[in-house]
Amino acid sequence: MTPASKPIRRIATEEAFSIPEVAAGLREVARAPGNSLDLVLVERIYDAKVDDVQARLLPRLLDLEKERLKDMDANGVAMHLLSLTAPGVQMFDADTATELATLANDKLAAVIKRHPTRFAGLATFAPQSPKRAAVEMERAMKKLKLNGFILNSHTHNEYLDNPKYFPILEAAEDLDGCIYIHPRAPSDGMAAPFRDYGLDSAQWGYGIEVSTHAVRMMVSGVFDRFPKLKICIGHMGEAVHFWLWRLDYMNKNAQNRGSAPKTKLTPSEYFKRNFVITTSGQESHLALDFSIKALGIDNVLWAIDYPYQPSAPAVAFMDSAPVSAAEREKLYHGNAERVFHIKLE
Ligand code: VNL
Ligand code: MN
């Protein structure tokens with residue numbers, strides 16, 4: 001094929017999978033007493049009635065090499081950057097979570113080995129046990145050659161600005177492994193208004209949960225301690241960059257009256273230095289244009305959010321985006337290759 005007719009390499013960067021052992025654990029979580037807002041989704045997917053339309057999701061999460069590859073081929077998608085789907089191992093006790101994270105990473109590495117041009121993967125870890133998590137993070141990148149990390153937002157209602165998690169941030173920074181902060185439902189303290197109208201998950205709650213997580217990290221000074229730490233957030237940046245001017249202005253006020261710690265940089269400076277965003281499940285050209293203008297073309301990556309969102313419209317959205325050919329190359333694969341250490345073809 002001549003270079004001109006070579007199809008563009010589409011790398012989708014927020015593509016979900018599960019393994020039977022984690023799915024079984026989540027079915028137990030669904031059946032146990034509990035009040036977490038995540039139970040709405042966990043019950044729907046992992047303990048669904050056979051006639052539940054959403055029950056089709058579980059087989060599609062568990063499948064890696066059959067339907068998924070066909071779907072990728074049919075839509076011209078070269079690669080899925082896979083991640084263990086939300087809530088990952090973060091609702092389990094520390095020992096179970098640590099064990100299942102290791103198992104999920106081993107299985108992920110095995111499937112990538114079988115299809116090195118079709119799959120890359122983000123390693124999972126158990127924040128419930130930060131020191132063991134850091135050990136697993138090193139194994140996952142150095143030995144298993146995984147491409148970075150997935151974290152499904154809060155863990156038992158705590159966020160990455162909590163110093164107990166600093167061993168995790170230190171490991172990620174040392175390994176140059178970007179942490180993709182994927183949503184889960186809003187934590188207990190802010191869950192109540194999200195219990196109605198299906199607001200618990202992707203419609204609204206997910207974005208509020210992750211944007212709050214990102215803002216907590218910026219205003220707490222985490223990035224002064226870990227200046228090279230890279231964080232990725234999906235869904236067109238969960239709207240954080242829309243807020244940067246007001247965040248900067250009001251964070252300064254909060255610092256001056258002593259309710260926020262003094263930081264070296266402003267939230268907008270941290271967001272541009274330490275974050276990248278993906279387009280997962282947010283197929284608006286207006287939002288894409290704003291994102292590129294606000295953050296720069298090097299900081300926006302394409303994603304589908306398979307199997308929660310269909311592939312064809314995600315491809316059509318980026319194929320028809322009003323950007324130059326060179327920009328489209330960055331959005332579709334160049335930025336993903338750089339941020340997630342994916343080999344050039
Ligand atoms: C949904 C969408 C769920 C995207 C997801 O993870 C996700 C949903 C649990 O629509 O339920 O990544
Ligand atoms: Mn997702």
Side-chain angles (χ1 to χ4, degrees), residues 11-19 22-23 25-27 29-30 36-48 52-64 68 71 77 79-92 100 104 108 119-122 124 148-155 178-187 191 194-211 213-214 231-239 276-284 301-311 313-314 317 336 340:
I11 301 179
T13 53
E14 192 200 298
E15 313 315 317
F17 81 102
S18 192
I19 62 170
V22 169
L26 287 173
R27 193 172 60 237
V29 167
S36 163
L37 187 55
D38 288 286
L39 289 173
V40 177
L41 172 122
V42 168
E43 285 169 11
R44 174 156 66 79
I45 295 181
Y46 300 94
D47 198 19
D52 189 316
V53 281
Q54 294 283 341
R56 266 298 293 155
L57 273 175
L58 184 53
R60 293 175 78 209
L61 287 165
L62 295 172
D63 159 67
L64 285 162
R68 185 184 300 254
D71 181 277
V77 177
M79 181 180 266
H80 275 190
L81 175 66
L82 297 165
S83 48
L84 185 69
T85 195
V89 300
Q90 287 163 249
M91 293 180 81
F92 305 137
L100 285 173
L108 179 56
F119 296 127
L122 299 178
T124 195
F149 306 104
I150 182 78
L151 177 76
N152 293 292
S153 202
H154 78 84
T155 305
C178 179
I179 303 179
Y180 199 127
I181 302 185
H182 186 277
R184 58 181 289 191
S187 56
F194 296 88
R195 290 194 185 273
D196 306 311
Y197 314 120
L199 294 181
D200 59 288
S201 54
Q203 186 186 178
W204 189 244
Y206 279 3
I208 300 301
E209 165 65 21
V210 174
S211 54
H213 199 154
I231 303 291
C232 179
I233 57 179
H235 316 102
M236 212 65 91
E238 317 287 11
V276 296
I277 71 167
T278 81
T279 64
S280 56
Q282 183 71 281
E283 295 159 14
S284 155
L301 287 63
W302 178 67
I304 302 169
D305 214 352
Y306 183 94
Y308 300 103
Q309 301 247 158
S311 304
F317 158 69
F340 293 113

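First listed ligand is number 1; within each ligand, the first listed atom is number 1.
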Checklist line | Any residue meeting ring pair (Phe, Tyr, Trp, His ring centres under 6.0 Å) with Y180, in chain and number order, not counting sequence neighbours | finding: none

Notebook entry, point to check: Side-chain contact, heavy-atom cut-off 4.5 Å: V210 with H235?
Noted result: no

Notebook entry, point to check: Closest approach of A16 and Y308, non-hydrogen atoms and distance?
Noted result: CB-CE1, 3.7 Å

Which atom pairs, donor and acceptor, lie under 3.5 Å between side-chain atoms of residues 197-205 and protein residues at least two apart or in another chain?
residue: Q203; atom: NE2; partner: Y197; partner atom: O; Å: 3.0
residue: Q203; atom: NE2; partner: G198; partner atom: O; Å: 3.0

Notebook entry, point to check: Under the 3.5 angstrom rule, does the side chain of Q309 hit a backbone N or O of I304 as a donor-acceptor pair?
Noted result: no

Next item on the list: Decide yes or no for I45 and L61: does some side-chain heavy atom of the first lie under 4.5 Å from some side-chain heavy atom of the second?
Entry: yes

Item checked: Distance below 2.8 Å from the Mn ion (ligand 2): protein N/O/S atoms -> E14 OE2, H182 NE2, D305 OD1

Next item on the list: In sequence, state the C-alpha distance, the side-chain angles, and the governing distance for E14 and H182, and then conclude on side chain to side chain donor-acceptor pair (under 3.5 Å).
Entry: CA-CA 8 Å; E14 192 200 298; H182 186 277; 3.0 Å; yes

Could you check ligand 1 for N or O atoms lying under 3.5 Å from protein N or O atoms and list the pairs with distances?
residue: ligand 1; atom: 11 (O); partner: R44; partner atom: NH2; Å: 3.4
residue: ligand 1; atom: 12 (O); partner: H182; partner atom: NE2; Å: 2.8
residue: ligand 1; atom: 12 (O); partner: D305; partner atom: OD1; Å: 3.3

Notebook entry, point to check: Would Y46 and S18 count as a side chain to side chain donor-acceptor pair (under 3.5 Å) if you check the C-alpha gap in whole Å, the side-chain angles of each, and the deciding distance to 0.1 Å?
Noted result: CA-CA 11 Å; Y46 300 94; S18 192; 4.6 Å; no

Next item on the list: Measure the spacing between CG of L301 and CG of L81 and express it to the nearest 0.5 Å.
Entry: 9.0 Å

